[in-house]
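Written below as structure tokens is the structure these notes are about.
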Amino acid sequence: MRAITISRPGGPEVLTWAEVPDPVPGAGEVLVEVAAGAVNRADLLQRQGFYDPPPGTSPYPGLECAGRIVALGPGVAGWGVGDEVCALLTGGGYAERVAVPAGQLLPVPAGLDAERAAALPEVVCTVWSNLFMTAHLRPAETVLVHGGASGIGTMAIQLAKAVGARVLVTAGSAAKLERCAELGADVLIDYREQDFVAEVRKATDGAGADVVLDIIGAKYLQRNVEALAVNGRLVIIGLQGGVKGELDLNALLRKRAAVIATNLRGRPLAEKAAIVAAVREHVWPLVEAGVVRPVVDRVLPMADAAEAHRVVEAGEQVGKVVLTV
Ligand SMILES: NC(=O)c1ccc[n+]([C@@H]2O[C@H](COP(=O)([O-])OP(=O)(O)OC[C@H]3O[C@@H](n4cnc5c(N)ncnc54)[C@H](OP(=O)(O)O)[C@@H]3O)[C@@H](O)[C@H]2O)c1
């Protein structure tokens, strides 16, 4: 088969559509013929040599895909050859075929094609697990979503609104904030021109946000805690602004607040399967009802993965960039 290989750590030009050995599904896995995969920011880090795949997993990038099951490994129940699926992957989605643990499969939601379905698993699993299974965001609470126009942000806005939360977002341009508003965001903060702590306070009568979903890390750590409400929960899932920060623990203590950091890719299979099962139960009905939609900015051929990385690196997209085989 062919897959996008990383010839050496570097820029988008190191991504090469090359002939590689076919994956073989192990016990509890299925082989999926990939129709489409989607780009995540983590793929850029993997390409640059900063985010190696966990040992024993596919060396090729790609954390989500949609396609059709073409073979079953030993011990797989509940899925059959020919099933149209999308999947949360530990890697290998930028390829013609990928072996996937059965617990990471989801049916393609009714009414969606493979290109749209491929844009869902990673962002939906990340957002659901962090906002609801980790931060326990409740209806009528307030959540601040940093990077509202990102793949993660566009899904966080929709899921938080779907459960009845109030959503504040940051983004770096008026055009991106407008797209966030179309998805349901209630309060729009241009992080290039406004102080997000002041804006959050203003929008919450001084109370702060109950939950902050953060993708910036160190650079925003102190200000995120300042933006939290009493009993607030800051969930850090991205480190685009660095890994080492300083935190005023007294500020955290006075608010009886929590700082949590999580990552999805490194979780054990059983945890990923539990997240996927929760997504199937709680989010798939919303997708099938059209309440929650994949936000796909553009679709490119898999062989043009380098161009897709250039687009995401430059921040030109809103939502997801999809790659088709
Ligand atoms: N821990 C996990 O399990 C997990 C899983 C998935 C993703 N993630 C992380 O989540 C983040 C988003 O991933 P993605 O694939 O959705 O990325 P993406 O679509 O490339 O989006 C990146 C976003 O970062 C925003 N941004 C940059 N600087 C910012 C700032 N100072 N303040 C607020 N926003 C800023 C950009 O907004 P503008 O363009 O408006 O500037 C852009 O929308 C990444 O950091 C990724 O590593 C973590």
Side-chain angles (χ1 to χ4, degrees), residues 12 37-48 50-51 54 61-64 88-91 93 118-131 133-135 144-158 168-181 183 185 188-197 199-200 212-221 223-224 227 234-243 260-267 271-272 275 279 294-298 308-322:
V39 178
N40 286 278
R41 199 148 193 101
D43 307 342
L44 279 53
L45 294 176
Q46 180 170 341
R47 190 202 73 220
Q48 292 163 339
F50 298 129
Y51 194 46
L63 298 176
E64 57 195 341
L88 177 69
L89 307 173
T90 310
L120 287 174
E122 170 73 14
V123 290
V124 173
C125 290
T126 300
V127 170
W128 188 264
S129 60
N130 283 291
L131 283 189
M133 299 166 83
T134 300
L144 170 65
V145 176
H146 283 299
S150 65
I152 291 290
T154 52
M155 185 50 60
I157 294 168
Q158 295 184 78
L168 292 67
V169 294
T170 61
S173 72
K176 286 194 172 179
L177 286 168
E178 199 176 308
R179 296 294 306 280
C180 296
L183 292 168
L188 312 175
I189 304 166
D190 186 332
Y191 70 79
R192 288 176 208 248
E193 293 182 359
Q194 293 172 295
D195 170 11
F196 75 81
V197 178
E199 295 304 316
V200 168
V212 176
L213 184 64
D214 177 59
I215 58 171
I216 301 301
K219 189 174 151 200
Y220 277 4
L221 179 60
R223 287 201 285 154
N224 276 333
L234 163 62
V235 189
I236 300 167
I237 63 165
L239 302 167
Q240 293 180 63
V243 297
I260 310 157
T262 76
N263 107 326
L264 181 58
R265 191 190 203 186
R267 289 189 190 231
E271 283 185 31
K272 285 188 192 162
I275 292 168
V279 159
V295 178
V296 174
D297 186 274
R298 69 192 79 184
H309 274 216
R310 191 200 61 72
V311 166
V312 173
E313 214 145 60
E316 290 174 9
Q317 88 290 6
V318 169
K320 306 282 294 185
V321 175
V322 167

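For the single chain, residues carry numbers from 1 onward in sequence order. Since the model is a prediction, treat every value here as computed from it, not as a measurement. Note that ligands are numbered from 1 as they come in the structure, with each ligand's atoms numbered from 1 the same way.
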* To do: Let me see the working for E313 and R47 under salt bridge (charged side-chain N to carboxylate O under 4.0 Å, His left out), right down to the final yes or no.
  => CA-CA 12 Å; E313 214 145 60; R47 190 202 73 220; 2.8 Å; yes

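Residue T126 has no N or O atom closer than 3.5 Å to an N or O atom of ligand 1. For G172, a nitrogen or oxygen atom sits less than 3.5 Å from a nitrogen or oxygen atom of ligand 1, counting backbone and side chain alike. Between K176 and ligand 1, an N or O atom pair is found at a separation short of 3.5 Å. Residue contacts with ligand 1: H146 is placed with no nitrogen or oxygen under 3.5 Å of a nitrogen or oxygen of the ligand (distance criterion only).
For atom 19 (O) of ligand 1, the candidate residues are R265, E313, K320, Q317; the nearest heavy-atom contact is made by Q317. When N130, T154, I152, V295 are checked for heavy-atom proximity to atom 13 (O) of ligand 1, I152 turns out nearest.
Remark: ligand 1 atoms within the under-4.0 Å shell around heavy atoms of V312 are 20 (O). Numbered from 1 in the order shown, with element, the atoms of ligand 1 that lie under 4.0 Å from a heavy atom of L264 read 2 (C), 3 (O). Short contacts between ligand 1 and R192, defined as distances under 4.0 Å to a heavy atom of the residue, involve ligand atoms 41 (O). For ligand 1, the atoms lying closer than 4.0 Å to a non-hydrogen atom of G238 are 45 (O). Atoms of ligand 1 found under 4.0 Å from any heavy atom of Y220 (numbered from 1 in listed order, with element): 30 (C), 31 (N), 32 (N), 33 (C).
Residue Q194 qualifies as enclosed at atom CD: its count of foreign heavy atoms under 6.0 Å is above 12.
Per-atom contact check: atom 35 (C) of ligand 1 touches the protein, criterion being a heavy-atom distance below 4.0 Å.
You'll find the side chain of L234 reaches within 4.5 Å of the side chain of L221, heavy atoms only.
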